[in-house]
Structures are given as structure tokens and as C-alpha cells.
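Counting starts at 1 for both ligands and their atoms, following the listed order.
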Amino acid sequence: MRAIRLYDTQQRQVRPFEPRDDGKVGIYACGPTVYSRVHVGNARPFVVFSQLKRFLEHEGYDVTLVANITDINDKIYTAAREAGRDSDGLAREMTAHYIDDTERLGLGRPDHEPLASEYVGPIVDLISALVDSDHAYAASGDVYFRVRTLPSYGELSRRDVDQMDQGEGIEGADLKEDPLDFALWKAQKPDEDTSWDSPWGPGRPGWHIECSAMAEELLGLEFDIHGGGIDLVFPHHENEAAQTLAGRGKPLARMWMHNGMLEASAGEKMAKSVGNIRRLTDVLDDVGGTVLVLYFSGGHYRQPLAFSPEGLEAAAAGARRIRDAARRLTPGASPEALAPHREAFFEALADDFNTPRALAALYEWVSEANKLPEGAGDADLREMLGVLGLEALLESEEAPAEAVALAEQREAARRDKDWGEADRLRDELRDMGWEVRDGPQGPELVKAS
Ligand SMILES: [Zn+2]
């Protein structure tokens with residue numbers, strides 16, 4: 001096996017990846033809270049950890065990827081109230097949308113996608129262990145974590161305990177022994193339409209404890225990689241780590257891996273409050289899953305990535321370049337002369353999962369293959385694209401006559417400003433596996449992904 005190095009947020013350094021169990025890897029990546037359609041930034045951790053799983057599998061590991069779905073949360077109650085509907089129904093609908101949207105990335109699904117609502121038993125068990133060991137206390141139906149009982153608290157985010165704000169506002173402030181404490185369980189409020197039974201009365205879990213319990217259930221303690229966006233380091237991951245260490249006496253994860261944020265433009269946060277968020281489904285309608293995955297792969301996972309039309313265009317041009325080269329290849333082993341580029345691709349991934357450097361090696365491979373007489377074997381390219389989840393770039397792009405006819409009808413409907421009919425035809429095409437995109441020479445049909 002190739003030696004793999006990854007940056008560990010806990011130790012603030014790149015270090016050798018050594019799994020807990022020989023040949024096996026457990027990864028837990030924090031997923032979305034399902035209160036609205038996910039935005040394109042939510043796709044970044046999905047892409048990073050799906051590709052990491054593919055790479056580790058390529059290297060011979062048996063990988064289990066867990067990406068949770070937070071379906072019990074304050075944001076869901078608030079959004080449901082604003083929409084005048086039940087929170088359970090809203091969470092179910094948004095979960096289905098999240099699955100559909102991420103499915104279109106063409107990366108397959110994580111091995112487990114646990115819903116918090118299905119793990120309330122293990123969550124209550126972990127809270128009970130914390131209460132029994134005095135790391136937590138009940139107060140008027142709530143339960144709070146007693147932060148100052150854990151001397152190592154703050155090690156992951158490297159913050160001074162006295163500078164910390166749990167972000168819980170005034171909620172429970174009068175019940176907390178210390179403003180630093182955070183909620184593990186919240187008693188049901190009159191305007192909340194769901195609740196679960198517990199030793200402390202009806203209520204629901206806090207966000208952080210959901211992940212600690214689900215990760216332990218599905219991967220055991222001290223699993224290999226805990227991942228998520230860099231914005232989750234504090235308080236979410238700090239608190240996940242604290243709960244498990246205090247309740248079980250063992251660390252939750254051996255390594256913490258965080259992806260940089262997708263920014264609206266360089267240095268500008270993508271945020272609902274700023275109004276510059278783009279929904280994943282809309283971006284996929286524009287460029288398709290393959291181009292979006294290629295776009296994400298062009299940035300190092302730890303760096304922020306500015307979301308721009310130019311960046312997407314560059315990714316689309318890259319996709320065309322790979323498709324053009326692939327057309328000239330034949331099935332089978334690739335020439336020895338191209339092997340160093342293949343090797344550089346996998347070395348780059350082994351070096352803190354450097355996908356931009358890996359892509360550069362892939363494009364080198366393509367350039368060199370283009371110089372060879374027609375008929376070079378495609379095995380290397382297939383292998384590299386497979387690890388990035390971009391194998392669709394090798395598929396033939398010839399659209400059937402029926403699809404072409406539908407696309408022409410759709411163009412006519414658009415010219416007549418009959419948007420309803422145009423949308424209907426677009427959906428019909430998508431059901432056939434084709435998408436219409438605006439290319440430089442007008443609309444073109446590409447394989448849906
Ligand atoms: Zn989490």
C-alpha cells in the first residue's frame with residue numbers, strides 16, 4: 001500500500017494515515033441540516049469525502065463512509081413554523097431533495113446516512129452516561145454538558161475556554177451553571193410539534209450529541225477520520241469530541257479532516273443572510289454533476305474555493321478536453337510512456353489528498369496521449385477518473401434522434417416564451433438521461449449525470 005499522509009486538524013500537521021484496524025477505514029462526515037434545499041456549498045464535503053473514500057478503496061482499504069442527516073434541529077422547527085407546516089414533514093421532504101440533489105453528482109451514496117430521529121435511543125444512552133459521571137446535569141427538563149469538568153476541552157479548536165461562545169444565545173442561559181456549558185437535551189417547548197421520551201421528560205437532542213452517538217453506533221470509538229466543513233470545528237466538533245471522551249473515556253476519532261468553505265467570491269462568505277446562496281439543484285441544472293465535481297476537484301480540499309462562472313467554465317473546458325482525448329483511445333492497457341503521469345496522479349492524492357495536483361497530472365497524461373498515434377489504451381485514464389468519480393467523461397456522448405427532436409421542440413417552446421412546456425420537455429429529456437446545456441454554439445445535449 002502507498003503511504004498516505006493527511007492533515008489532522010487536531011495536531012495541526014500533515015501526518016501518516018494509520019487506520020485503527022488493518023485494511024479498514026471508517027469515515028464520519030457531518031452532513032446537512034434538512035430545513036431547506038441544500039446549497040452548492042453543502043456539496044463540497046459530500047464531494048471531498050466521497051472522493052477520499054474512492055481513493056482509499058483504490059489503495060486497497062475497505063472503507064465505510066457515514067454521512068449523517070440532521071433531521072432534528074432548531075432551524076427545522078423555525079423553517080416549518082414560517083412555512084405553516086409540520087416540522088416532521090418538512091424534514092422528510094428536504095431529506096428526499098438532498099438525496100436527489102447529491103445523487104446527481106454521480107458519486108454514489110455514502111454507506112450509511114443516519115437520521116438523528118432514528119438514533120434517539122443511543123443518543124439518550126450517551127447523555128445518561130454523561131449525567132451518571134457528573135459531566136452533565138439536568139435542569140428543568142434540559143440536560144447540559146459541564147464543560148469545565150473536561151480539562152482537555154478546547155484542544156481541537158485551540159481556543160481559550162474563556163473566549164468561547166457556544167452560540168446558544170439566551171436559550172437556557174438561566175439554567176446553565178456556567179455560560180460555557182452547552183445543551184445535550186432540550187425539553188419540548190410549546191411551539192415544537194415533535195418530541196421524544198427520555199429520563200428527563202419529553203424533548204429532543206442537541207445537535208452535537210446526535211453526531212457523537214451516531215458515529216459511535218456505526219463506526220465504534222476511535223474511528224479513523226472525522227470530517228466536515230472547517231466552520232464546524234467550533235463548537236460542533238469540539239463538543240462532539242468532548243462528549244465522547246467524557247462519556248466513554250476514549251477519543252471519538254483518530255484524525256480530524258476539514259474542508260475549506262465554498263465562497264460566493266474570493267473572501268466573501270456564501271450565506272443565507274447575505275442572499276448570495278446558490279442552490280445545488282440550480283447549479284446542477286446549469287452545468288451538470290460531472291462539471292461540478294471536476295470544478296471542486298480543481299481546488300485543494302483545505303483551501304477556500306471561490307464560486308465563479310469563470311471557474312465553472314474552466315471546468316467545463318477541462319471536461320471537453322478529457323472527452324475529446326477519450327474518443328481517440330481504445331479499451332485496454334495504457335502505454336508505459338504515460339505511466340509516470342499516472343503515478344504522479346496517485347502520489348498527489350497520497351500527499352494530503354491534493355486533487356488539483358492530481359488533476360494537473362491527469363491533464364499531462366491527456367496531453368501526452370494526444371501526441372501518440374490513435375489507439376492508445378484507456379486503462380490509466382479510466383482508473384484516474386474513476387477515483388475522482390468522473391468516469392462519465394469516458395462515456396459516448398452521441399444523443400439519440402428522439403432526444404435531439406425533444407431538444408429542438410424545447411428550443412421552439414423557449415422562443416415562444418412557453419416556459420411551462422420548455423420545463424416539461426426538459427424533464428422528459430432528463431428522464432431519458434439527457435440534459436440541455438447552453439454551449440458556445442447554442443444549446444447542446446449532454447449525458448445527464
Ligand atoms: Zn456532526
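One finds no salt bridge joining E192 and K186 here, because no Lys/Arg side-chain nitrogen approaches an Asp/Glu carboxylate oxygen to under 4.0 Å.
In this structure the side chain of H236 reaches within 4.5 angstrom of the side chain of C30, judged on heavy atoms. At least one side-chain heavy atom of K189 sits under 4.5 Å from a side-chain heavy atom of R204.
With sequence neighbours excluded, the residues that form a salt bridge (charged side-chain N to carboxylate O under 4.0 Å, His left out) with R278 are D286.
Using modelled atom types and a 3.5 Å distance limit, the side chains of D111 and T64 yield no donor-acceptor pair. Side-chain contact, Q243 with H208: no donor N or O sits under 3.5 Å from an acceptor N or O.
Each protein N, O or S atom less than 2.8 Å from the Zn ion (ligand 1) was counted, giving 4.
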